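All of these numbers come straight from a predicted model, not from anything done at the bench. In what follows, every heavy atom counts, from backbone to side chain, and hydrogens, waters and symmetry copies are set aside.
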Amino acid sequence: MPALRVQKFTASPALQAMLVAAYAADPLDQLICPVAGGRYSTLFQLIPAALAVLRVAAGIEPEPAELLRWYRTTHIEHMGHLTPERLVALGRAEEVIGFLEAIRDAPFD
């Protein structure tokens, strides 16, 4: 029987730092809106779009490793089967945030 390959999801130092910052964010420092240059405004600061996506996702996924896996490898069907990481790189962070907010705000049955 062949050995199972376990894929380890590693992040660049910058992505790893944003992942840590996403979970450490003050819950009162809510996202307000996107601004020029691929950044988002919060109540207290300007942050990169990738961090904005990770902060919203961290409110849904409590496990950092799973969040990183989702961000880097999950293809979102109704967004052209692109990963959140690729969508952010293409300047589509606002769409990903809307997608996450719809999931977060959906009523449970």
Side-chain angles (χ1 to χ4, degrees):
M1 173 183 258
L4 292 175
R5 284 184 49 189
V6 176
Q7 185 174 5
K8 184 176 180 183
F9 297 100
T10 58
S12 67
L15 181 56
Q16 188 66 37
M18 282 193 279
L19 185 64
V20 170
Y23 282 96
D26 181 348
L28 298 177
D29 188 21
Q30 298 297 310
L31 296 179
I32 297 172
C33 64
V35 294
R39 300 178 75 75
Y40 268 73
S41 173
T42 73
L43 292 174
F44 304 135
Q45 62 187 330
L46 292 177
I47 60 174
L51 178 54
V53 168
L54 292 170
R55 282 179 57 171
V56 175
I60 298 168
E61 175 54 64
E63 177 57 46
E66 283 301 309
L67 174 54
L68 181 60
R69 184 198 59 74
W70 170 83
Y71 183 75
R72 300 198 69 208
T73 66
T74 299
H75 298 267
I76 302 173
E77 183 178 346
H78 74 275
M79 291 186 201
H81 295 279
L82 299 172
T83 65
E85 183 175 42
R86 184 69 182 134
L87 290 160
V88 168
L90 291 171
R92 296 175 62 187
E94 191 169 1
E95 292 175 58
V96 179
I97 289 171
F99 170 77
L100 290 168
E101 289 173 339
I103 290 170
R104 181 194 64 203
D105 298 340
F108 288 99
D109 291 337

Mind checking what makes side chain to side chain contact (heavy atoms under 4.5 Å, CB included) contact with Glu101, not counting sequence neighbours?
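Per chain and number, Glu101 pairs via side chain to side chain contact (heavy atoms under 4.5 Å, CB included) with Val56, Ile97, Arg104, Asp105.
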Which residues share a side chain to side chain contact (heavy atoms under 4.5 Å, CB included) with Ala93, sequence neighbours left out
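Partners of Ala93 by the side chain to side chain contact (heavy atoms under 4.5 Å, CB included) criterion, ordered by chain and then number, come out as Tyr40, Ala49, Val53, Val88.
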Shortest non-hydrogen contact from Ser41 to Val35?
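That would be CB-CG1, 4.1 Å.
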Which residue pairs satisfy the salt bridge (charged side-chain N to carboxylate O under 4.0 Å, His left out) criterion with at least one member in [range], sequence neighbours excluded?
range          : answer
residues 11-27 : none
residues 82-95 : Arg72-Glu85, Arg92-Glu95
residues 43-61 : Asp29-Arg55

Can you measure from [atom1] ([X]) to [atom2] ([Y]) and round to the nearest 0.5 angstrom?
X      : Y     : atom1 : atom2 : answer
Leu100 : Ile76 : CG    : CD1   : 7.0 Å
Met79  : Leu90 : CE    : CG    : 12.0 Å
Thr42  : Leu28 : OG1   : CG    : 11.0 Å
Leu46  : Leu51 : CG    : CG    : 11.5 Å
Tyr71  : Leu15 : OH    : CG    : 6.0 Å

Does Glu77, at its CD atom, have more than 12 non-hydrogen atoms belonging to other residues, nucleotides or ligands within less than 6.0 Å?
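It does not: Glu77 CD has 12 such atoms or fewer within range.
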Trp70 and Ile60, any side-chain heavy atoms less than 4.5 Å apart
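When only atoms from C-beta onward are counted, Trp70 and Ile60 do not touch, as no gap falls below 4.5 Å.
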Hydrophobic clusters join Ile, Leu, Val, Met, Phe, Trp and Tyr when side-chain heavy atoms are under 4.5 Å apart, directly or via other members; which others share one with Leu43?
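Besides Leu43, the cluster holds Ile32, Phe44.
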Among all residues two or more places apart in sequence or in another chain, which pass the ring pair (Phe, Tyr, Trp, His ring centres under 6.0 Å) test with His78?
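With sequence neighbours excluded, His78 shows a ring pair (Phe, Tyr, Trp, His ring centres under 6.0 Å) to Phe99, given in chain and number order.
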Not counting sequence neighbours, which residues clear side-chain hydrogen bond (donor to acceptor under 3.5 Å, both in side chains) with Glu66? List them please.
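Scan of Glu66 (side-chain hydrogen bond (donor to acceptor under 3.5 Å, both in side chains), adjacent residues dropped) gives Arg69.
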